[in-house]
Protein chains: 2
Amino acid sequence: MQAELDERKKKILHAVIRNYLETGEPVGSRTISKYTDLNLSSATIRNEMSDLEELGYIVQPHTSAGRIPTDRAYRLYVDNMMQEKDKEIEELKGLLVQTEDKMDKVLKNVAKVLATNTNYATVVSAPQIRGNRLKFLQLSRVDENQILAVIVVEGNVIRNEMIHVNETLSDETMLKLNILLNTHLTGLALEEINLGMITALKEQAGIHGDIVGEVMDAIAQAIKGEEDLEIYTSGANNIFKYPELSDNRKASELINTFEEKKALAKLATEKLSDEGNTGIQVYIGEEAPVQAMKDCSVVTATYELGEGMRGSIAIIGPKRMDYDKVVGSLRTMMNELERVYKKD
Amino acid sequence: MQAELDERKKKILHAVIRNYLETGEPVGSRTISKYTDLNLSSATIRNEMSDLEELGYIVQPHTSAGRIPTDRAYRLYVDNMMQEKDKEIEELKGLLVQTEDKMDKVLKNVAKVLATNTNYATVVSAPQIRGNRLKFLQLSRVDENQILAVIVVEGNVIRNEMIHVNETLSDETMLKLNILLNTHLTGLALEEINLGMITALKEQAGIHGDIVGEVMDAIAQAIKGEEDLEIYTSGANNIFKYPELSDNRKASELINTFEEKKALAKLATEKLSDEGNTGIQVYIGEEAPVQAMKDCSVVTATYELGEGMRGSIAIIGPKRMDYDKVVGSLRTMMNELERVYKKD
DNA sequence: ATTAGCACTCAAGCAAGATGAGTGCTAACC
DNA sequence: GGTTAGCACTCATCTTGCTTGAGTGCTAAT
């Protein structure tokens, strides 16, 4: 009962959606009658629309208003009807490639460029370093009872962690510890550092075993602690451009969500484990993984910069967002990101 | 013509302000007549209010509405009439002291606590490290042609900078460089590292002089680059609680300002150079240093954590914000911050 | 100097049309 | 049978006029 949408119904539905995307107003039969090349009178369109309503693709906000697409219609549109328009997106590339070393700056920039280019709000999450290898480790005595641990992971992600110690360590001890830890841990993935290895290291460190313990904690914390889920947002104010989102309660909620980035983290990581598809996911309305966004649509893309270094980009806008353009922008942006970074 | 506000006028003005702060509605003569202990009829109040209007302290939003205070009245209020109520602020202290080592986390927390506690939006700028001393410097070879420079400044602010080199440096060279730089630079303030010293160091480094140059650049960049002006915001959505700010255009502008943190930087640093006063500044309406905030009031406080380590906290709300409470909260928060960190 | 009283103003709320976009249905048409 | 013209109906939105009530300013009396 749902697959049978004949060609004409599809055309009409498509017209309704496109029209609504542009205007944001309910669209009526007369408009469609003129808008399409079907040369049908408004009455015929009305009959068809009536059918489409029954099938759950469009609804009237109130009797005798035009129809607006439902989530289901958007879903159909995104899955089957969308033809990408790859215009003017090329310019994005130029904006990105400049300071290629500082990862965080680049990502902030990505968020910004996408926000201004699409006129929606964007969220970029920094790469998850899960599964990545330890590249370098350095302990330094900063003063009598503070040690600075610098941890560098593949992809040049750097973490600092301060460790308090009670005893003052000599230079030789520091040197020994550094050599010990580097020789044993460098090149290992996090999963490969197991408990056995840790206890072995502690033994070798002798009386300074507890420091090794602290260092290991620091490594663990630095790498998989919540802090590593750096998130950059941009264009939050864009939501004011869409009346259906900018009534006070909703706007407030959305802005709040943007500040409380933890909810966004969920959104970002949700589908990170999914493989297979092109990496672009579209969530429409209630499909969105975050409650506050049930009146929005969210388009997410996952980028991969190397062994297990995966982050994601999300664009949040009204349900009637310009899916074509967003998906296009997102795709070029991702490619560009991967191109710039993959050489590492 | 302006100093002469007799005692009664002051009392009435005070009553008007307090009442307006609470309700947000224009306040009329009858209300005041009951609200104060002056035992005057509404008619008398009317006469006095008429005078006050002429003197520019209150205005009517339209004929036959009550009066609301002008910027000038707020200014008078803040300068002379405010008596601090230091209740319930104490609880703030508890919320703050927990993870005392990670400066950025603490500041984020400060922003958050203040925002939830006052119901206004807050901005906290991380300390300017200008004038601070270099505590520790470490160069490490991360791979063939990348060197990681870790720079620790007094107050345990840590910066990482990647340096690309063309030649691969030997372990001994690295060690030498480290010793050279640390012995000469540690303990110095930025201003004390002058050009003469730099060329001297370069000479001593011999063929690796250019690396020294890069390191110095990194130090300079890391410490006084714009990046060091880390800014934390919280409670942006609080502005939706005040109708006079939450109409779409204004809200959008404010949110935008919050995202474009550079404007806030200006606000934060503006009065950093001023000395003398308690460190708390109140900007009312047009006095605010940022255009987008001309309908708000901004209360800023400067905290000082040691030699020249100064940051600032700002609270942004409607003109009718509860100045007493805000100033109180801000003051305890600052004291607490300084107490926790000054022992370093 | 203070107050009571009264006329006046004006935002805001409400009810009663007027408007118009859009629908559903029926009967006629090809 | 599919298509269309025509018409009655619905309902959000706009307009208009009316009422209400808070609040003022002024004047005359205390």
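On a predicted model such as this, the values are computed, not experimentally measured, just so you know. Residue numbers begin at 1 in each chain, while the letters A, B, ... track the order of the sequences.
Separation of atoms NZ (B/K112) and OG1 (B/T233) is listed at 12.0 Å; rounding is to 0.5 Å.
Nucleic acid contact class of B/R67 (heavy atoms, under 4.0 Å, all strands): sugar-phosphate only.
Between A/I58 and A/M49, some side-chain heavy-atom pair lies under the 4.5 Å cut-off.
A donor N or O paired with an acceptor N or O is found under 3.5 Å between the base of D/dT10 and the side-chain atoms of A/S64.
If you walk DNA chain C from 5' to 3' and mark each nucleotide with an atom closer than 4.0 Å to a heavy atom of chain B, the marks span C/dT2 to C/dA11.
Across the protein-nucleic acid pair, A/L38 atom CG and D/dG2 atom P stand 16 Å apart, rounded to whole Å. Regarding A/D51, its CG atom lies at a distance of 11 Å from the P atom of D/dT3, rounded to whole Å. A/N39 places its CG atom 12 Å from the P atom of D/dA5, with the value rounded to the nearest Å.
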Under 3.5 Å donor-acceptor pairs involving side-chain atoms of residues 28-37 of chain A, not counting sequence neighbours:
residue : atom : partner : partner atom : Å
A/S29   : OG   : A/R46   : NH1          : 3.3
A/S33   : OG   : A/L40   : O            : 3.0
A/T36   : OG1  : A/I32   : O            : 3.1

Name each donor-acceptor pair under 3.5 Å that joins a side chain in residues 61-69 of chain B to protein atoms two or more places apart or in another chain, with its distance.
residue : atom : partner : partner atom : Å
B/R67   : NE   : B/E53   : OE1          : 2.9
B/R67   : NH2  : B/E53   : OE1          : 2.9

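The side-chain hydrogen bond (donor to acceptor under 3.5 Å, both in side chains) check on A/K241 picks up A/N119, A/N238, with sequence neighbours excluded. Applying the side-chain hydrogen bond (donor to acceptor under 3.5 Å, both in side chains) criterion to A/D71, with sequence neighbours excluded, gives A/K319.
Take the nearest nucleotide of DNA chain D for A/P61 and for B/V27: the residue whose nucleotide is more 5' is A/P61. With DNA chain C read from its 5' end, the first of the two nearest nucleotides for B/L40 and B/T63 is the one closest to B/L40.
Ring geometry for A/F240 against B/F240 counts as parallel: the plane angle stays under 30°, on a 0 to 90° scale with 60° as the upper cut.
Sorted by residue number, the members of residues 42-49 of chain B with any non-hydrogen atom under 4.0 Å from DNA chain C read B/A43, B/T44, B/R46, B/N47.
Using modelled atom types, one side-chain atom of B/E259 and one backbone atom of A/A236 make a donor-acceptor pair closer than 3.5 Å.
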